[in-house]
Amino acid sequence: MELGFGAAYEAFRAEVRTFIAAHWPPADGNVKDPAAIRAFRDACTAQGYYARAVPRRYGGSEQPADIVKAEIIREEIRRADAPAEVRDGGITLLIPTLLEWGTEAQRQRFISPTLKGDYRWAQGFSEPGAGSDLASLRTRAVLVDDHWVINGQKIWSSYAHRAHYMFALVRTEPEAPKHEGISYLLIDLRQPGVTIRPLRQMTDQSEFCEVFFDDARTPADWIVGGRGQGWRITRTTLKHERGSLSGLSWTDSMLRGLIRLAREMRRDGQPAIDHPTIRAELAAIEAQSMALTYSTYRAISMTVHGQEPGLFSTMAKIASTDLAQRIAKLARDLLADDLLVMDGPQRKWIDRFMISLSMSIAGGTSNIQRNIIAERGLGLPREQRAGEA
Amino acid sequence: MELGFGAAYEAFRAEVRTFIAAHWPPADGNVKDPAAIRAFRDACTAQGYYARAVPRRYGGSEQPADIVKAEIIREEIRRADAPAEVRDGGITLLIPTLLEWGTEAQRQRFISPTLKGDYRWAQGFSEPGAGSDLASLRTRAVLVDDHWVINGQKIWSSYAHRAHYMFALVRTEPEAPKHEGISYLLIDLRQPGVTIRPLRQMTDQSEFCEVFFDDARTPADWIVGGRGQGWRITRTTLKHERGSLSGLSWTDSMLRGLIRLAREMRRDGQPAIDHPTIRAELAAIEAQSMALTYSTYRAISMTVHGQEPGLFSTMAKIASTDLAQRIAKLARDLLADDLLVMDGPQRKWIDRFMISLSMSIAGGTSNIQRNIIAERGLGLPREQRAGEA
Amino acid sequence: MNFLLSDEQVMVTDTLRSLLRDACDPRQVHDIIDRHDGFDAELWQRLVDLGVPGLMLPAEMGGAGLEMIDLALVAELLGEFAAPVPFLGHVLCGLGIRLCGTPDQQARWLPALVSGSILGTVALGEGEECWLPDEWQVTAGDRLSGGKRLVPNAMAADLMLVGTRQGLALVEKGNWTARRREGVDRTRSLEDVTFHEASVALLDRVPEGVTRLIDAAAILLAADAFGGASRCVALATDYAKLREQFGQPIGSFQGLKHQLANMALSVEPGRGLYWYAAHTWDALPGKAGHAAAQAKAHLCDAYLQAARDMVEAFGGIGFTWEHDAHIYLKRAMFDWAWLGSPVRHRLRAAQLAGW
Amino acid sequence: MNFLLSDEQVMVTDTLRSLLRDACDPRQVHDIIDRHDGFDAELWQRLVDLGVPGLMLPAEMGGAGLEMIDLALVAELLGEFAAPVPFLGHVLCGLGIRLCGTPDQQARWLPALVSGSILGTVALGEGEECWLPDEWQVTAGDRLSGGKRLVPNAMAADLMLVGTRQGLALVEKGNWTARRREGVDRTRSLEDVTFHEASVALLDRVPEGVTRLIDAAAILLAADAFGGASRCVALATDYAKLREQFGQPIGSFQGLKHQLANMALSVEPGRGLYWYAAHTWDALPGKAGHAAAQAKAHLCDAYLQAARDMVEAFGGIGFTWEHDAHIYLKRAMFDWAWLGSPVRHRLRAAQLAGW
């Protein structure tokens with residue numbers, strides 16, 4: 001058992017650190033300069049640090065899969081505060097899909113500019129009335145001559161108001177059974193038939209959008225895979241999402257923030273962090289976070305060695321959601337009066353108190369996650385429902 | 001709004017108190033003397049305090065329903081530490097059933113000795129494999145000449161090893177649909193065909209029994225209601241169980257015990273009750289108990305005034321179960337080292353820590369209670385299951 | 001025992017509920033929070049016309065001379081509808097004057113508060129969870145200087161009842177400067193106020209009067225919380241009946257069903273607790289401090305949890321500004337924190353219980 | 001990074017698991033708890049034969065010279081099977097001597113502990129949650145007097161490692177009187193012991209050795225708790241698959257399904273935490289105190305909750321003596337309380353984290 005990264009990896013780390021130091025910050029010190037940020041990212045790709053899973057012929061760096069190296073790169077980038085690899089839906093979801101299912105023309109056309117950040121993508125899966133239950137979606141596309149004509153509505157599309165394109169699931173075969181009537185289309189969002197309405201969130205910020213299609217059009221060959229294969233494609237794409245350490249660094253930074261907050265706030269005339277109730281709960285949260293961290297390390301180590309990590313792999317997501325809820329609750333207790341105002345020194349904790357709620361919603365509700373743990377993790381029988389075989 | 005019992009009731013209370021003082025303790029001071037206890041209970045019945053719902057011709061005191069008077073009687077008996085009304089299953093479940101469904105001969109034969117405590121009854125509903133789902137029970141009775149011949153097994157029959165008779169649900173119509181094949185029989189437990197095995201509990205005490213029938217017999221006319229009516233009879237009997245204050249006094253005494261425990265135990269070098277974590281949790285438990293108490297008062301007041309108390313009436317049971325769990329948890333925290341041993345000064349809290357678990361089991365699991373709250377209380381739809389219309 | 005509402009109480013709440021259904025539907029609440037510049041003056045006027053400000057004030061001042069339970073029932077309904085009105089500050093101002101004011105002060109101010117011709121409020125907080133009389137640092141002599149925090153509707157108010165080391169003191173409009181806080185709960189504005197050598201009129205020093213005012217505030221917050229929390233249960237339940245997934249209402253799935261049952265379980269029994277607290281305020285004053293603290297702690301915790309659970313039950317839509325959910329979540333945050341967090345009231349209750 | 005078991009570790013745990021399946025099935029555990037007069041000597045002998053007592057002891061003493069993680073994996077399995085053996089006291093006794101003993105003491109005692117020719121134990125507790133070195137009051141000079149509480153298998157032990165103000169001290173059989181406690185967990189006997197002018201041999205004063213012994217105890221309890229808690233999840237899950245109600249396995253009802261998922265969620269990630277704690281003990285000693293305290297607190301809390309949840313999942317049958325459930329519930333109570341309750345270890349962890 002070895003918890004560090006081992007000598008070979010530490011050598012790699014040194015190499016990464018040297019590379020970053022040579023390229024960041026830019027000579028003029030302007031870390032906000034878009035051109036400098038772009039140049040840095042390009043250099044990272046050329047070096048084999050970014051776009052590691054993408055072949056060179058499409059603009060990637062085509063490296064063998066190595067989540068430990070990937071994590072070292074992330075850690076060192078974070079430590080240097082250098083521009084991280086872009087991790088939007090275009091890169092994490094669309095590119096792998098195109099690599100597996102796309103035509104050569106689609107790959108040539110879309111992958112490289114997406115990697116560079118020139119094309120930004122919105123995801124178009126959810127609809128009002130079809131959230132966790134994608135099979136029931138109703139946005140439809142009809143092939144008219146050489147274009148798909150699209151009508152309907154998508155929702156929860158992150159940053160669609162800033163995106164150029166959307167990869168979307170739409171119903172193209174209305175006569176087919178539910179799952180088999182869906183196709184995977186690429187759509188230019190900047191056309192007259194598309195209306196995008198950002199959804200204002202309860203935090204008074206906007207991240208998600210509604211997207212309305214009113215005779216929007218997309219070329220006939222912007223379909224990925226065959227007609228009616230959209231459902232299958234999406235399922236394989238989602239399967240590609242692998243265990244990663246990135247969720248952990250979020251948890252870790254929340255926890256460190258919480259400790260700082262507990263030092264700043266007071267309770268019963270003493271620093272809150274010295275109060276036994278606060279202190280014990282903070283330690284309990286830390287333990288929960290440690291459990292999650294080291295179980296993830298274990299799962300990743302096993303995956304790397306070709307073993308099946310088992311039960312834990314079904315629960316990583318909901319475990320971090322639960323942790324976020326618990327952090328939000330203790331933050332609430334610490335905030336006390338500051339919970340009343342958005343213009344106080346702890347505004348970010350007010351937002352987090354609310355955002356922790358959206359975590360259990362984003363990407364499938366916690367109840368669906370619990371079903372997965374129970375059925376896939378524990379092997380409990382699926383529920384027999386009326387009308388099912 | 002009036003929280004006390006009102007002047008008329010306070011006059012009744014004074015009368016009860018005077019009566020008890022005149023009859024208890026017995027002149028010779030021997031409060032353990034069975035004859036004295038029995039004499040006291042008989043006097044209470046004659047006075048109209050006990051067996052209030054039972055007609056005089058069967059040995060009861062035949063009083064108009066009045067839960068406030070009933071509560072005052074209970075309070076005064078408790079205060080005087082006098083022998084309480086017997087509240088076993090024979091009295092709370094069987095007698096109302098006989099009054100509604102029994103033949104005159106059955107009433108004459110069974111009610112009076114049951115009231116006096118000469119006949120003790122065990123309940124025979126649950127079976128291994130048929131707990132919450134009574135309709136699937138399998139103990140069967142066949143009418144052979146003038147006797148039912150019974151074979152099968154019952155479980156969770158409280159104190160069957162000390163009982164004389166059992167009221168049981170058995171399958172008499174094997175061809176009928178599940179619910180319609182069950183009859184309600186009275187059975188003498190002291191016969192060769194009956195074997196009773198007390199179930200040792202995890203607390204090392206025995207309350208529940210398994211009862212095995214091996215060609216046990218009961219007279220043909222010891223059936224209550226008609227053949228196949230057992231299910232219906234039981235449902236109406238269970239409906240008779242009314243909101244009562246008796247659960248509250250249990251909760252209240254637990255809470256007072258918990259406060260005493262918090263005074264006795266130490267935490268971080270101070271009395272545990274002074275420790276802010278313990279103190280806050282104790283107060284939170286008290287608030288939960290108060291909420292339960294006064295919502296019960298409201299529900300009872302409404303019932304007395306012919307109003308429907310609504311949502312709360314579906315949740316009184318599980319609310320007290322939840323409270324018991326929370327009490328058990330704080331007791332655990334207070335016990336610390338004493339949690340390790342059964343021979344310590346806090347043995348009763350060890351038992352309670354375990355018994356709190358059996359509360360959510362006894363009389364229908366908490367999950368079934370939650371279904372009732374959701375469906376009956378909140379009006380959520382019943383789940384459609386495979387094979388149902 | 002007769003622990004239930006009288007026919008009159010049922011009638012009054014029915015009347016008020018229809019008024020709120022009509023005059024305080026969610027679109028109107030959204031309008032107010034989107035404008036973010038005050039309260040719903042029209043709705044407030046209708047509540048004034050109904051006699052809400054004078055409910056507990058003496059008949060000779062124009063009030064109805066009713067009891068705390070009556071006022072708390074109103075607070076429950078305002079909570080249920082998340083009514084954006086200056087109820088809390090206004091009625092506490094009047095109640096404080098009734099409890100501690102000299103006859104002259106009562107005669108001068110109460111009729112105006114009852115008629116709604118002036119708006120009153122209370123300044124209790126001083127920051128860092130200082131809310132209660134024995135924590136107040138602001139000192140009132142001939143003049144008043146210093147600051148109070150998180151005062152409801154201070155900018156709109158004409159009269160402010162200020163908690164000071166010398167007891168309650170009255171300050172008139174023009175004698176403070178107010179800074180608008182960006183309150184989380186936009187249905188109830190909060191401002192920080194500063195006094196600089198302000199003219200001030202001390203009320204009689206009636207220590208138990210001050211305590212009773214705090215208890216009243218706790219009870220009204222608890223009642224608001226119960227109303228809001230019940231609405232959260234109802235909203236989530238209604239949604240679960242309508243919204244379909246996998247071909248059936250999501251409310252038929254046992255997982256969600258049990259979550260909704262648990263929500264209801266943590267909310268509904270709270271009714272008896274806040275009723276009891278209000279009843280002690282009227283009938284058993286020796287028990288009121290303890291009961292009020294317990295009600296405030298228990299109900300406000302339950303409300304905030306119920307509001308969070310409701311947001312989750314709605315899924316993504318519940319996280320949007322357009323949806324009603326956040327109105328309740330934020331109102332729950334107000335009830336939770338204003339006057340001090342639940343744990344503080346629990347510790348106060350423990351002390352009052354003599355533990 | 002290579003945070004997983006080696007092939008050898010997998011092999012050893014597989015071997016041990018088959019041994020326990022055979023030699024420690026529930027009927028055997030029930031026999032022991034029904035007899036209530038000690039441990040399963042035959043099973044213990046088989047564990048001794050397998051080399052369990054010497055796993056972490058040096059090769060020159062007959063041990064295997066392995067690491068804490070290896071011993072913790074054994075503890076997990078013993079927890080999973082609720083093995084009624086004197087493992088905890090015995091291995092801690094050997095480990096304490098290894099950590100703090102003089103070469104002579106090591107040479108004298110360790111081979112005998114490895115071979116199982118003598119049984120060792122540790123006396124840490126003094127009652128009222130005094131478990132840790134800075135709380136020990138018992139004083140060892142030339143002689144030892146006083147009492148220790150809740151000592152595992154003190155009546156059967158030949159050698160006792162006693163925590164004193166002067167550090168760890170060795171006392172041989174015959175130098176104490178033991179009073180059998182009616183332990184909640186009958187798979188691990190507890191006795192109170194009294195020393196009266198007993199002969200005693202102090203170990204070297206190696207303060208960090210004493211601390212490391214405490215950390216080891218915490219880690220072994222955490223590992224036992226993880227094994228037991230996982231078994232609770234498995235038992236409840238298996239039952240839910242078999243038991244039918246309303247015509248289908250109860251495990252197909254979403255309500256129970258989610259409860260079982262939540263149980264698993266509160267247990268399974270704990271594996272990484274106890275592994276980490278064991279790993280720090282071997283490889284990152286500066287972090288071991290904190291990690292061990294956290295593991296003990298987190299896992300033992302999770303175990304007790306999982307055991308309670310399991311009993312509920314079984315319904316009435318789970319409340320009977322004949323059923324296995326209470327064996328785990330009571331073992332969870334032991335793990336939770338012995339060496340101090342979770343909250344104490346959390347406060348210790350906070351201090352060690354430098355908060």
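Below, chain A is the first sequence line, B the second, and so on; all start at residue 1.
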If you count heavy-atom pairs within less than 4.5 Å of chain D, which of [options] leads?
{"options": "A:Glu375, A:Gln307, A:Arg298, A:Met315", "result": "A:Arg298"}
{"options": "A:Ala374, A:Gly377, A:Ala287, A:Ala280", "result": "A:Ala287"}
{"options": "A:Leu282, A:Ile273, A:Asp274, A:Asp322", "result": "A:Leu282"}
{"options": "A:Pro276, A:Ala319, A:Ala299, A:Gly379", "result": "A:Gly379"}

Backbone N/O of D:Met68 and side chain of D:Asp282: donor-acceptor pair under 3.5 Å:
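At least one qualifying donor-acceptor pair exists.
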Angle class for the D:Tyr239/D:Phe314 ring planes (parallel below 30°, perpendicular above 60°, tilted otherwise)?
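Judged by the thresholds at 30° and 60°, the geometry between D:Tyr239 and D:Phe314 is tilted.
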Ion pair check, [X] and [Y], cut-off under 4.0 Å:
{"X": "A:Asp333", "Y": "A:Arg267", "value": "no"}
{"X": "A:Glu85", "Y": "A:Arg74", "value": "no"}
{"X": "A:Asp252", "Y": "A:Arg256", "value": "yes"}

Checking D:Glu312 against D:Gln259: is there a side-chain donor and acceptor pair closer than 3.5 Å?
no
Using distance alone, with no hydrogens and no angle criterion, decide if D:Ser341 and D:Glu129 have a side-chain donor and acceptor under 3.5 Å apart.
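A donor-acceptor contact under 3.5 Å links the two side chains.
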Face-on cation placement of D:Arg21 at D:Phe81 ring, 6.0 Å and 45° thresholds:
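Not flagged: D:Arg21 not positioned over aromatic ring of D:Phe81.
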Interface moiety of [X] toward chain A, non-hydrogen atoms closer than 4.5 Å:
{"X": "D:Gln351", "result": "both"}
{"X": "D:His290", "result": "side chain"}
{"X": "D:Ala297", "result": "neither"}
{"X": "D:Ser6", "result": "neither"}
{"X": "D:Asn262", "result": "side chain"}

Contacting region of A:Leu378 [heavy-atom separation from chain D under 4.5 Å]:
both
Verify the neighbour count for atom CD of D:Gln9: are there more than 12 heavy atoms of other residues, nucleotides or ligands below 6.0 Å?
yes
Looking at every heavy atom in both D:Ala337 and D:Trp131, which two are closest together, and how far apart are they?
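Taking every non-hydrogen atom into account, O-NE1, 3.9 Å.
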Point-to-point distance, once rounded to the nearest 0.5 Å, from OG1 of D:Thr13 to CG of D:Leu20
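Nearest 0.5 Å value for the OG1-CG distance: 11.0 Å.
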I'd like to verify something: which residue of D:Lys257, D:Glu67, D:His298 has the highest number of heavy-atom pairs under 4.5 Å with chain A?
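Result: the option with the highest number of such pairs is D:Lys257.
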Counting a contact as any heavy-atom pair under 4.5 Å apart, which residues of residues 263-281 of chain D contact chain A?
D:Ala264, D:Leu265, D:Glu268, D:Pro269, D:Gly270, D:Arg271, D:Gly272, D:Leu273, D:Trp275, D:Tyr276, D:His279
